[in-house]
Amino acid sequence: VEASVPEGQRAAWKKHSAREFKTKEEFENEAVRHIETTLARSLFNCDEAAAYAGTALAFRDRLVIEWNKTQQRQTFADQKRVYYLSLEFLMGRALDNAMLNVGLKDVAKDGLADLGFRMEDIISQERDAALGNGGLGRLAACFLDSLASLNYPAWGYALRYRYGIFKQEIVDGYQVEVPDYWLDFNPWEFPRHDVTVDINFYGSVSQYVDDDGKQRSVWDNGEIVTAVAYDAPIPGYGTTTTNNLRLWSSKASHGEFDFTKFNSGEYEQSVADQQRAETISAVLYPNDSLERGKELRLKQQYFWCAASLFDIVRRFKKSKKPWKDFANQVAIQLNDTHPTLAIPELQRILVDLEGLGWDEAWTIVQATFGYTNHTVLPEALEKWSVPLIQHLLPRHLQIIYEINSRFLQYVEKTFPKEKDILGRVSIIEESQPKMVRMAYLAVIGSHKVNGVAELHSDLIKTTIFKDFVKIYGPDKFTNVTNGITPRRWLHQANPKLSELIASKLGGYDYLRDLTLLHKLEAFVDDKEFRKDFQAIKYANKVRLAQYILEHNGVKVNPAALFDVQVKRIHEYKRQQLNIFGVIHRYLQIKAMSAEEKKKVQPRVSIFGGKAAPGYWMAKTVIHLVNQVGKVINADKEVGDLLKVVFLEDYNVSKAEIIVPGSDISEHISTAGTEASGTSNMKFVLNGGLVIGTCDGANIEITREVGEENIFLFGNLAEDVEDLREAHHKQGFELDPLLKRVFETIRSGTFGDAGQFSALVDSIVDHGDYYLVSDDFKSYIDTQGLIDQSYAKQEEWVTKTILSVARMGFFSSDRCIDEYAEMIWNIEPLKPEANGA
Ligand code: AZC
């Protein structure tokens with residue numbers, strides 16, 4: 001039933017329809033009203049947190065108005081929408097972004113000043129929405145920003161975790177995890193208690209014959225958990241389009257608690273059931289690139305996929321279109337394999353609930369889904385045990401088997417002579433227990449599969465999906481090189497640089513078309529521009545130095561070279577290579593005469609990043625960095641020549657301070673292991689250079705900025721396998737400089753050496769899988785080149801300016817246009833299109 005205000009009464013509504021503040025006074029009016037009435041605070045009881053809340057609520061009102069209009073417009077326009085299914089959205093803070101997109105940050109700044117507050121202090125009151133681990137989750141957040149900014153009708157779907165990624169504390173040099181309860185005050189979400197979906201688990205499958213005489217399956221007698229929608233507005237930049245991010249929260253299907261149980265004295269059981277249901281959306285799994293096969297994780301995946309699909313199908317059915325139109329109205333992108341269950345779930349809806357024939361349904365399914373792969377690391381490829389799926393999702397297991405059997409029949413027919421191929425490509429791995437290979441199911445159930453940088457997209461075609469390229473042909477596989485939103489990662493993180501660029505380019509158009517940055521090249525010799533550019537970098541380093549002093553108690557010289565590696569801690573990303581290099585540098589300085597020391601380029605080595613709680617090797621790296629820092633920072637003989645700091649609790653809002661303050665950043669994964677990387681793009685866009693391996697997007701950054709403007713080193717991806725094999729067969733000679741580093745660690749210079757033995761042994765005794773020793777010399781030499789290059793400041797500034805000017809390709813707007821064109825086949829819907 002449509003509940004609309006009658007035609008004759010609409011004038012009254014319109015007269016009172018929400019007003020949008022435009023001026024400083026109007027903003028103050030809104031903010032004060034919210035502080036006094038929504039928050040019930042007074043003039044005498046308004047701290048920065050309350051001022052933040054008032055500001056956020058004032059801007060939220062603005063967003064909601066546009067959000068409603070956008071949703072209405074998209075519903076009327078009735079064109080194809082894209083749904084981005086991602087278990088992670090690493091959004092960071094929302095207020096600054098909202099102010100930028102509404103276009104009234106200056107108004108708010110003046111208004112807050114009138115009330116006695118500073119904008120920076122207010123912005124920093126907000127907690128990060130940290131519903132993700134790392135690159136995959138942040139990419140999803142950048143994509144939402146671009147989708148809205150480019151006016152694509154798009155929704156994100158995820159889980160409303162009560163706890164996001166843990167907060168990291170460093171205690172005595174060790175990582176300690178603290179829960180991140182982030183929902184205390186979250187003005188950006190809207191509970192939709194009327195939008196719920198009941199989700200089934202466990203139970204059994206039975207058959208019946210329907211009215212048309214068709215065999216049908218029903219899945220029932222299970223446990224039901226209710227999904228409740230929470231919506232967050234996603235505003236675009238330079239447009240009023242405001243898309244929706246829908247997060248599902250779990251609760252017991254019978255509401256608060258079960259009164260029948262309560263009345264029959266089973267109060268505790270009733271509360272326990274409720275808690276069990278709520279556990280599903282309680283916490284984000286904190287593993288980055290590692291799959292652990294926990295039942296609760298599988299429950300999360302199904303809960304979220306089923307709720308989202310129900311919602312999508314419900315919306316489609318309202319249009320009364322025939323099923324064959326489904327894939328013309330709906331594109332669903334699977335962000336990695338986490339949402340792969342959406343494939344058998346849609347097949348189940350179409351066949352079991354809607355009564356379509358298998359083939360008809362399967363055609364729709366394949367046309368609907370696209371799948372993005374983010375890693376080739378074997379330990380990250382998801383597999384779920386057949387008995388577990390059988391127990392939790394019995395009907396889905398049947399469907400997966402049916403999909404597999406039809407697929408294998410096709411393969412057998414097409415490649416009758418190839419005996420082994422069936423076992424290799426089967427969705428079911430014949431292990432003990434049998435396992436469902438989710439990536440294969442995702443490939444088979446999608447019409448397009450993409451990697452996230454050129455090298456990575458080539459690698460998936462020759463390694464994990466090689467057989468599938470043969471089966472489906474190469475056109476099913478494509479590349480969309482990752483990107484970042486310049487709104488957050490340039491304008492918001494580095495407002496002064498953004499302003500300087502705008503002054504040269506004649507405005508901020510480049511924030512909507514980042515390729516316009518190329519015009520900056522014309523100013524590379526402009527003395528004043530260079531001076532301003534350099535001064536901005538210096539100011540950002542001063543800001544970072546202050547942050548370091550406040551949080552680490554270490555005083556660093558802003559004139560030193562700031563060398564940054566911030567990202568999840570992982571052996572393949574090789575923070576160990578970095579810290580071993582730091583130790584090497586320390587030993588060199590210690591051996592120098594006073595005269596020699598004068599020639600040393602002072603450096604600050606900055607580390608940051610979380611380790612998965614169960615990942616001991618990564619935690620050992622954190623501990624080593626902290627111990628090394630403790631020793632070096634206290635060494636009077638070294639002084640300002642070298643400082644080492646580990647920044648606690650790296651997250652999106654901290655990245656916004658760290659990234660603009662770097663001179664050189666490290667992206668030094670073993671070649672072939674980092675699918676893309678996205679922080680590499682952020683650093684270069686902010687006037688920092690990169691030291692990196694020929695891996696992921698580093699290669700394309702090199703292509704764009706020119707190889708004279710990046711510091712590449714190390715073995716190539718094509719040689720990695722051979723090197724590993726050689727290590728295995730012949731053993732290998734440890735690099736002599738690295739050997740000296742290990743001797744220093746073993747001698748106890750950085751505390752009890754036993755604490756670091758696993759790390760050292762993995763290289764010395766266990767084959768050095770990540771090729772730290774093979775790349776060490778080349779790494780050290782390249783760091784030497786960086787010192788020399790940095791000493792020639794004028795040349796360095798030229799490199800950084802040219803690099804910024806050439807980063808246009810790496811906007812996530814470009815990515816989204818590529819997805820829209822190659823994979824989703826969707827068109828933008830501009831606000832003015834139908835007058836709404
Ligand atoms: C990451 C990749 O490791 C990183 O290279 C890439 O830039 C990013 O995705 C975005 O595509 N992958 C993950 O964070 N997680 C998994 C499971 O791959």
Side-chain angles (χ1 to χ4, degrees), residues 84-90 130-144 146 165 284-293 297 301 333-340 370-383 438-439 442 449-457 459-460 464 478-485 489 565-575 609-612 615 618 650 652 655 665-683 690 692-701 717 770 810 812 815-816 818-819:
Y84 198 78
L85 265 59
S86 178
L87 257 193
E88 305 189 6
F89 284 93
L90 202 43
L131 307 184
N133 277 285
L136 173 149
R138 183 54 230 178
L139 184 76
C142 283
F143 280 5
L144 289 183
S146 288
I165 187 69
L284 166 81
Y285 275 85
N287 301 310
D288 178 78
S289 307
L290 178 75
E291 215 28 71
R292 307 241 282 183
R297 168 78 168 187
Q301 293 185 349
Q333 192 63 25
L334 307 173
N335 197 23
D336 216 88
T337 54
H338 315 146
T340 303
Y371 155 52
T372 306
N373 173 279
H374 294 268
T375 183
V376 292
L377 295 189
E379 67 269 30
L381 294 179
E382 279 192 296
K383 290 176 192 170
M438 302 308 269
V449 177
N450 75 284
V452 290
E454 273 173 19
L455 174 69
H456 170 66
S457 297
L459 278 175
I460 61 175
I464 49 176
T478 186
N479 170 248
V480 183
T481 297
N482 283 167
I484 56 174
T485 167
W489 297 113
Q565 188 177 18
V566 284
K567 49 183 87 234
R568 286 299 288 251
I569 313 291
H570 206 295
E571 284 165 284
Y572 87 81
K573 294 179 187 282
R574 298 202 295 190
Q575 283 91 353
K610 293 172 188 178
Y615 191 174
Y650 177 62
V652 171
S665 65
E666 308 219 9
H667 310 275
I668 58 176
S669 49
T670 312
T673 62
E674 187 71 277
S676 163
T678 43
S679 76
N680 42 6
M681 302 165 190
K682 296 166 197 169
F683 282 102
V690 158
T693 43
C694 292
D695 201 14
N698 290 351
I699 297 171
E700 286 150 88
I701 292 176
Y770 296 101
F810 298 101
S812 47
C815 302
I816 289 302
E818 288 183 10
Y819 277 97

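Counting starts at 1 for both ligands and their atoms, in listed order. None of these values were measured; they are calculated from a predicted model.
The Y572 neighbourhood of ligand 1 comprises atoms 3 (O), with distances under 4.0 Å to a heavy atom of that residue. Residue T375 has at least one heavy-atom neighbour below 4.0 Å for each of these atoms of ligand 1: 18 (O). Less than 4.0 angstrom separates some heavy atom of D288 from each of these atoms of ligand 1: 14 (O).
The option with the heavy atom closest to atom 8 (C) of ligand 1, from among G132, G135, S676, is G135.
Contact annotation for V452 and ligand 1: only side-chain heavy atoms (C-beta onward) come within less than 4.0 Å of the ligand. Contact annotation for A675 and ligand 1: heavy atoms of both the backbone and the side chain come within less than 4.0 Å of the ligand. Contact annotation: for L377 versus ligand 1, there are no heavy atoms closer than 4.0 Å.
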*Would you please test K573 and E674 for salt bridge (charged side-chain N to carboxylate O under 4.0 Å, His left out) and show each step?*
CA-CA 7 Å; K573 294 179 187 282; E674 187 71 277; 2.8 Å; yes
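Between A140 and S86, the shortest heavy-atom contact is CB-OG, 3.8 Å. In terms of heavy-atom proximity, D695 sits nearest to S669 at OD2-OG, 2.6 Å.
Looking at atom 13 (C) of ligand 1, its nearest protein heavy atom turns out to be L136 CB, 3.5 Å. Distance from atom 4 (C) of ligand 1 to its nearest protein heavy atom, with residue and atom name: E674 OE1, 3.3 Å. Nearest protein heavy-atom neighbour of atom 7 (O) of ligand 1: G677 N, 2.8 Å. Looking only at protein heavy atoms, the nearest one to atom 16 (C) of ligand 1 is S289 OG, 3.8 Å. For atom 2 (C) of ligand 1, the closest non-hydrogen atom on the protein side is H374 O, 3.5 Å. Nearest to atom 10 (C) of ligand 1 among the protein's heavy atoms is N482 OD1, 3.3 Å.
Considering only heavy atoms from C-beta on, T337 comes within 4.5 Å of Y371 through its side chain. For the pair K610 and R568, the minimum side-chain heavy-atom distance is below 4.5 Å. The shortest side-chain heavy-atom distance between N450 and Y819 falls under the 4.5 Å cut-off.
For the residue pair H667 and S665, a side-chain donor N or O sits within less than 3.5 Å of a side-chain acceptor on the partner.
A donor-acceptor pair is defined here as one N or O able to donate and one able to accept, closer than 3.5 Å; such a pair exists between the side chain of Q575 and the backbone of H570.
Once rounded to the nearest 0.5 Å, the distance linking CD1 of I464 with CG of N373 reads 4.5 Å.
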